A.B. asks: 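Below you will find the structure I want to go over with you.
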Number of protein chains: 2
Amino acid sequence: MINQIAIFREYLKSRDLRFTPERRLILEAILSLPGHFNIEGLYYKLHRKMGRLSLATIYRSIPHLINSGLIKEVMRYADRPQYEKSLGCPHHGHLVCINCGKILEFKDDEIEKLQDRVCREYDFKPTEHRLGIRGYCKNCRHKKGK
Amino acid sequence: MINQIAIFREYLKSRDLRFTPERRLILEAILSLPGHFNIEGLYYKLHRKMGRLSLATIYRSIPHLINSGLIKEVMRYADRPQYEKSLGCPHHGHLVCINCGKILEFKDDEIEKLQDRVCREYDFKPTEHRLGIRGYCKNCRHKKGK
DNA sequence: TTGTAATTGAGAATCAATCGCAATAAGCTT
DNA sequence: AAGCTTATTGCGATTGATTCTCAATTACAA
Ligand SMILES: [Mn+2]
Ligand SMILES: [Mn+2]
Ligand SMILES: [Zn+2]
Ligand SMILES: [Zn+2]
């Protein structure tokens, strides 16, 4: 995680941007978070811990964190975009339960390979891909009703 | 397409909803559209053709069209959700060019099978899935720059 | 034709995200 | 260490898509 802070600092410097305490706090909060997160959750976490940190500042730093490769947007199914750490976190797809909201992650190299094949077929140079499956998780499908 | 109107009418009746001229016009406009569409485009198409048709009415009928299986939301990458006809349109993934905006569609049964396998592994009952790949299309990748 | 409950259009309301700006401060240069 | 330049912050105002409110209309079954 100290590593990621260094990466962020370096990224900022390379673009003539400043490494501010606010940006450091935002990144640290994200790194200490377990799974996915959204702006709202991040704001409350930071706002609770230390008094003032503007929501606008969080919104403004998200693009920088994405461009530096530290986080990525993973979903936009629901109301708000969801993000997750991307450095050191292998690419994966998501199973989203539309009943209880639980999100399962899965990794499948074969699918990734087939995606590459599709891109080759179309002479398409991919930069990002998302595979999301919605439905009912193990618990919810067996609870009752279909 | 006459078929789809019948389906919509039946769906509405089954839920004690009314088959209004506005709903018919909205569905007809969608059916006459070639590919993907969004609310804004639909509104302008309908508004141009025939004077008054409220934006609110369009927003209100989208969920009904989705629930009746006639359309589905396919993307939410960009600013606004994109929809497409779903009846008689086999499931497919999307290649979205982040330079020119072009959208290519692809179909891959092997990927679909692997997705099913993943669902089986997790005892997950899928209702919908989306595979989106962003990057540079054939033209844009060869134009200039990387 | 009548009655009832759903639907419409228009504008108001909501709410996430962005913007504008004056005060602040990061970080380079002496 | 101090000064300078320019990016950044917080705050409130603004935007813009979507939803809501409500009175007037209308589908549709009896
Ligand atoms: Mn994930
Ligand atoms: Mn499509
Ligand atoms: Zn569940
Ligand atoms: Zn392109």
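So you know, we letter chains A, B, ... as the sequences are listed, proteins then strands, and number each from 1. For clarity, every value in this text was computed on a predicted model and none was experimentally measured.
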A.B. asks: Atom CZ of R9(B) to atom P of dA6(C): distance rounded to whole Å?
C.D. replies: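 Taking atom P of dA6(C) as the reference, CZ of R9(B) is at 20 Å.
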A.B. asks: Rounding to a whole Å, what distance do you find between R15(A):CZ and dA7(D):P?
C.D. replies: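 Whole-Å distance recorded here is 14 Å.
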A.B. asks: Just the rounded figure in Å: distance from C1' of dG11(C) to OH of Y59(B).
C.D. replies: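 For the pair Y59(B) OH and dG11(C) C1', the rounded distance is 16 Å.
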A.B. asks: How many Å lie between CG on L53(A) and C1' on dG10(D), as a whole number?
C.D. replies: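 Going from L53(A) (CG) to dG10(D) (C1'), I get 10 Å.
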A.B. asks: Please check if the number of heavy atoms outside K138(B) that lie under 6.0 Å from its NZ is greater than 12.
C.D. replies: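 Not buried by this count: 12 neighbours or fewer within 6.0 Å.
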A.B. asks: Give the rounded distance in Å between these two atoms: CD of Q82(B) and P of dT18(D).
C.D. replies: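 So the CD-P distance, Q82(B) to dT18(D), works out to 11 Å.
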A.B. asks: Checking side-chain polar atoms at under 3.5 Å, does E84(A) have a donor or acceptor matched by the opposite partner on H92(A)?
C.D. replies: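 The answer is yes; a qualifying pair exists.
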A.B. asks: Quick one: which of dA17(C), dT9(D), dT18(D) gets closest to the side chain of P81(B)?
C.D. replies: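 Looking only at heavy atoms from C-beta outward on P81(B), the closest nucleotide is dT18(D).
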A.B. asks: Hey, is the side chain of R23(A) poking within less than 4.0 Å of OP1 or OP2 on dA7(D), counting only N and O atoms?
C.D. replies: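 Checking R23(A) against dA7(D): no side-chain N or O falls below 4.0 Å of OP1 or OP2.
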A.B. asks: Closest nucleotide of DNA chain D for S54(A) versus for D16(A): which of these residues is on the 5' side?
C.D. replies: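 Per heavy-atom nearest nucleotide, the more 5' residue is D16(A).
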A.B. asks: Flag this pair as yes if the NZ/CZ of R141(A) is under 6.0 angstrom from the six-membered ring centre of Y136(A) and inside a 45 degree cone about the axis; otherwise no.
C.D. replies: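 No - R141(A) does not lie over the ring of Y136(A) by the 6.0 Å and 45° rule.
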A.B. asks: Between atom CD1 in I58(A) and atom C1' in dA16(C), what is the gap in whole Å?
C.D. replies: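 Distance, rounded to whole Å: 13 Å.
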A.B. asks: Counting only heavy atoms not in K72(B) (residues, nucleotides, ligands), do more than 12 fall under 6.0 Å from its NZ?
C.D. replies: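 Above 12, so yes.
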A.B. asks: Between P on dT26(D) and CG on L17(B), what's the gap in Å once rounded to a whole number?
C.D. replies: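 Rounding to the nearest Å, CG of L17(B) and P of dT26(D) are 19 Å apart.
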A.B. asks: Side chains of E112(A) and H129(A): closer than 4.5 Å at any heavy-atom pair?
C.D. replies: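 Counting from C-beta outward, E112(A) and H129(A) do come under 4.5 Å.
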A.B. asks: Would you kindly give the CD-to-C1' distance between E10(B) and dA27(D), to the nearest whole Å?
C.D. replies: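 Distance check: E10(B) CD to dA27(D) C1' gives 17 Å.
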A.B. asks: Could you run down the sub-3.5 Å N/O contacts of the protein with nucleotides 20-26 of chain C?
C.D. replies:
from: dA26(C); atom 1: N3; to: R18(A); atom 2: NH1; distance (Å): 2.8

A.B. asks: Side chains of C119(B) and I133(A): closer than 4.5 Å at any heavy-atom pair?
C.D. replies: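 Yes, at least one pair of side-chain atoms sits under 4.5 Å.
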A.B. asks: Roughly how far, to the nearest 0.5 Å, is CG of L87(B) from CG of N3(B)?
C.D. replies: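 If I round to the nearest 0.5 Å, the distance is 7.0 Å.
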